Amino acid sequence: MSKEYRPAEFETRHYARWEQAGYFAPAGRGQPYCIVIPPPNVTGTLHMGHAFGHTIKDALTRYHRMRGFDTLWQPGTDHAGIATQMVVERLLNREGTSRQALGREKFVERVWRWKEQSGNTITAQMRRLGDSVDWSRDCFTMDPRLSGVVIEVFVRLYDDGLIYRGKRLVNWDPVLHTALSDLEVLSSEEKGKLWRLRYPLADGSDALVVATTRPETMLGDTAVAVHPDDPRYRHLIGKSVRLPLAERVIPVIADGEVDPEFGTGCVKITPGHDFNDYDVGLRHALPVLNIFDADAKLNAEVPERYRGLDRFVARERVVEDLRAAGLIAGIDDHVSMIPRGDRSGAILEPLLTDQWYVRMAPLAAEAIAAVEQGRVRFVPENWSKTYFEWMRNIKDWCISRQLWWGHRIPAWYDNHGHVYVGRDEREVRAKHRLGDEHVLHQDEDVLDTWFSSALWPFSTLGWPERTRELDRYYPTNVLVTGFDIIFFWVARMIMMGLKFTGEVPFREVYLHALVLDHEGQKMTKSKGNILDPLDLMDGVDLKTLLAKRTEGMMQPHLTSRVEQATRAEFPDGIRAFGTDALRLTFTSLATTGRDVRFDLGRIDGYHRFCNKIWNASQYVFAQLVEPEHGEDLRYTAADRWIRSRLRRCIEAVHESFKSYRLDLVTQALYEFTWYEFCDWYLELTKPVLGEGPATAAEQRATRATLVEVLGALCKLLHPLAPFVTEELWLELAAKTGAETRTVMLERFPESDDFPADAAAETEIEWLKSFVVGIRQIRSEMNLSPSKPLPVKLAGATAADRARLTSLRMYIEKLARVASIDHVADSRAVRGAASALLGELHVLVPLAGLVDVRAEIERLDKQLTRTRKDLDACRRKLDNADFVDNAPPEIVAKENARAVDLGQRIERLDLQLKRMREIQ
RNA sequence: GGGCGGUUAGCUCAGUGGUAGAGUACCGGCUUUACACGCCGGCUGUCACAGGUUCGAAUCCUGUACCGCCCACCA
């Protein structure tokens, strides 16, 4: 085993061994515990958000597995309809061909091929992260079986009247040529104009002025609306205007939704291209005119001169023509919400098309109730508000997409426009008694990716079959995911789970934060601030990192900016921190917050932590070279102390796991390992195990304690840092001859494994104060750490004397004390630096050691600080309200503190006086 | 317009009624045989602001400011 911590030497090796040995599969006994993975896009790569989530899921999984649960972490990947299709289309474009040129069948084949090649990226990354998923159950949303589940659900929802096909306005992506659901629309404020257009009245008497942000849609206007009570326009209601350019006559109608304050108080109504206007159109039975084709170019419904123009070109021409006709009444700057597709970024167009919808209200009702009743619990609880808010205002879900990659809708049409839904064409024909003379063709559309995602918890476990897995692991225990997909995924899973299994899909939803860069910016390719988890684990040189970040950037000025920022942040690239350091960083950031800024300083700190425990283990191993002779053990105070402290640490670990506070789990283990085990306990074992007065039985007990505590630490830390703990655990076992195959299947420590020992804790606390007192003197007096010091003690109680005897060897070693003498009175020692331990006055005679002035300065500083504390303390106690109202134990504590501080001051004062005398 | 977060040391973050914390950075000292990725000691804060509740507020309440996220059809 290497003397240095080099994670690259063992991380991948252990993972391969675990996987090969089948350790990730459920044990088949114990209480079931199941987590399903949020299936990542099969063609994608894992980003920092994934790595964060996966770390949490794996930690939870490993923790429960070690506690004897029958643990299943269900893996899988998602076909990610639009995203994947776009990737492959881009690829084809680069090859000089296109989806259309290939045709549907060839294209889909091509996507499958691409999936086979690049699908491994994800799984490789998951392995590198240490994810203990049951790979034997790996699946893909478009596997034949899972596709079957999609069909089954679709058909059942249709049969229950919960899926329907309808013609209405949808969010149309003119670039991708598909409908989108409301959730896939990202609206943001953008600068634009507000045009005021003059529409002449049909009778030629006057004109109305309408305000619009989209003048080109005027060619599809079928009315003009005013508020019914608007005195300016009341007299015009029921009259008509002559729509310019189109030269159509349309009515002036009254509608309460019109805001008289906005614009001119006069609205042009375009039911075919505006969601509001569509509703107005329905209310007033207006005709719906569709003036755009799939590219959002003007179609044959408009006058010749506008046909075939892109909507924005048409806008210019319409404005131009209106101006020429003197019909522009004004143009103002205006900021409005522009809807864009979340994938293409294209400005969406409301378009009247036939689409498939899921009727959500009935499904939502159940799902709301489930959360209200606590059958699903959100962690942090607050997210349930977000969930309720959306669910209570839910709208029907448009599930059809005009894509080729995805689950094709199981609906068939005959030549008369009749639609038949069924599991396949044969079933449809049989059910509706359609002979071969009826030509049927299947719907061309595919389903929204999230449709199959919504079924994930039960589809992966074998539904609709009543499989053993479904029976055993469903409902799953916890869903761990980012809050950004509460609507997309979490809510829909709850609805579908309840609908098809009668049960919630999971009992808890743990929503973790989103990972941002160190500036708090979202990590996106376009910003060039992406961090690849692999680069943090394995390291990356600056050149490669720069290439990665600027690859495929469209705008050169952005490229140089990204390059600059990257050089500034990572002047030497990123060094390899290893998986465990990355995981510990993530768990330490798993607080209740909603974003985490990823900072290299943190991962560096956890790399050091791994190094620390590695080296501590090297020390332990070095103590285990001789085979043990003899049986009896005599535990030292230090042994009993560290066990007692470990007990508390284990309690904290369990408690924090229970509340999903992995940051607190990490903190508890970090602090115990570093500050108690390494800083003190290991140092305390040195005088016992080296030359000295310790008996063989004490040495045996100490070695046993080292082994036990280190072993427990390996187990306790294993869920967070699986690799280094495995490496150390196996080495420890080799040294002690213990039988074990892996730490990951060991029993997780319980607090009762280690006895509490208040007496030992008090004793070692006393020792620590003693040692620290002398160290402080040494440091502040500028005394060399290696110089042994004589120490005089005054005011030692019987207990102090007893401890001095029993802890003598520790004091000598840790404080480098040459001699310890008792004196009757501190005044007997002329010129000494001092430390106070309760009653005990520790004196280090300074004669010839140091200058007195420094000690005076030091004492003065202490005195000032202590006086300040006492003042604050007195102020409280002098306050009658405090004494009367505060709980007695708080008052008592404060009283004791005042006494203690008072004594301290007295002694410091005395000591200071004496030093001044010498000077 | 509605909803939800955040504001604590230079930086990244814990702390949710009782003496302000960690990592990192910083200062001083150390080749003390596990570890210089270390050890020892130290420095660092009007806990955003203003009111209020309370004996006592970083912590609870109200309001304000700033930053951020989500939802929503004002053309």
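Numbered from 1 within each chain, the chains take letters A, B, ... in sequence-line order. Please read these numbers as outputs of a predicted model, since none were measured by experiment.
- A salt bridge links A:D604 with A:R608: the distance from a Lys NZ or Arg NE/NH1/NH2 to an Asp or Glu carboxylate oxygen falls below 4.0 Å.
- In this structure, the CH2 atom of A:W383 is 11 Å from the P atom of B:C71, given to the nearest Å.
- Note: A:Y5 and A:H607 meet the aromatic proximity criterion, with ring centroids under 6.0 Å apart.
- At least one side-chain nitrogen or oxygen of A:R661 sits closer than 4.0 Å to the OP1 or OP2 atom of B:G15.
- Following rounding to the nearest Å, A:Y387 (OH) and B:C69 (P) show an atom-to-atom distance of 26 Å.
- OP1 and OP2 of B:C40 both lie 4.0 Å or more from every side-chain N or O belonging to A:Q776.
- Between the C1' atom of B:G29 and the NZ atom of A:K787 lies a distance of 15 Å, rounded to the nearest Å.
- Counting any heavy atom pair closer than 4.0 Å across all strands shown, A:T213 reaches sugar-phosphate atoms only and no base atom.
- On the C1' atoms, B:U16 is 15 Å away from B:G56, given to the nearest whole Å.
- With both ends at atom C1', the span from B:C37 to B:A58 equals 34 Å, rounded to whole Å.
- Considering only side-chain N and O atoms, A:K395 lies under 4.0 angstrom from the phosphate OP1 or OP2 of B:C73.
- Closest approach to the A:L589 side chain among B:U12, B:G68, B:C55 is made by B:U12 (side chain taken as heavy atoms from C-beta onward).
- Counting only heavy atoms from C-beta outward, the side chains of A:E190 and A:R340 approach each other to under 4.5 Å.
- Inspection of the A:Y670 and A:S588 side chains reveals no N or O donor paired with an N or O acceptor under 3.5 Å.
- At least one side-chain nitrogen or oxygen of A:W674 sits closer than 4.0 Å to the OP1 or OP2 atom of B:C39.
- Look at the P atom in both B:U59 and B:G1: the space between them is 29 Å, to the nearest Å.
- For A:R6 and B:C35, the shortest distance from a side-chain N or O to OP1 or OP2 is not below 4.0 Å.
- A donor-acceptor contact under 3.5 Å links the side chain of A:N276 to the base of B:C73.
- Whole-Å rounding puts the A:L514 CG to B:G6 C1' distance at 15 Å.
- Put simply, A:N611 has no side-chain N or O that comes within less than 4.0 Å of OP1 or OP2 on B:C37.
- Among the nucleotides B:A34, B:C69, B:G18, the one closest to the side chain of A:F483 is B:C69.
- You'll find a donor-acceptor pair under 3.5 Å spanning the side chain of A:K612 and the base of B:C35, going by distance alone.
- OP1 or OP2 of B:U12 has at least one side-chain nitrogen or oxygen of A:R597 nearer than 4.0 Å.
- What separates CD of A:E683 from C1' of B:G38 is a distance of 11 Å, to the nearest Å.
- Of all nucleotides listed (B:G23, B:G18, B:C4), B:G23 comes nearest to the side chain of A:Y675.
- In terms of phosphate contacts, A:T591 brings a side-chain nitrogen or oxygen within less than 4.0 Å of OP1 or OP2 of B:A14.
- One interatomic measurement links the two molecules: NZ of A:K686 to P of B:C39, which rounds to 11 Å at whole-angstrom precision.
- Residue A:R608 places at least one side-chain N or O under 4.0 Å from the OP1 or OP2 atom of B:G38.
- A:T702 and A:T685 form no side-chain donor-acceptor contact under 3.5 Å, judged by distance and modelled atom types alone.
- Ring to ring, A:F262 and A:H334 are close: their centroids are under 6.0 angstrom apart.
- Atoms NZ (A:K385) and P (B:G5) sit 6 Å apart, rounded to a whole Å.
- Rounded to whole Å, the distance from CZ on A:F487 to P on B:C4 is 13 Å.
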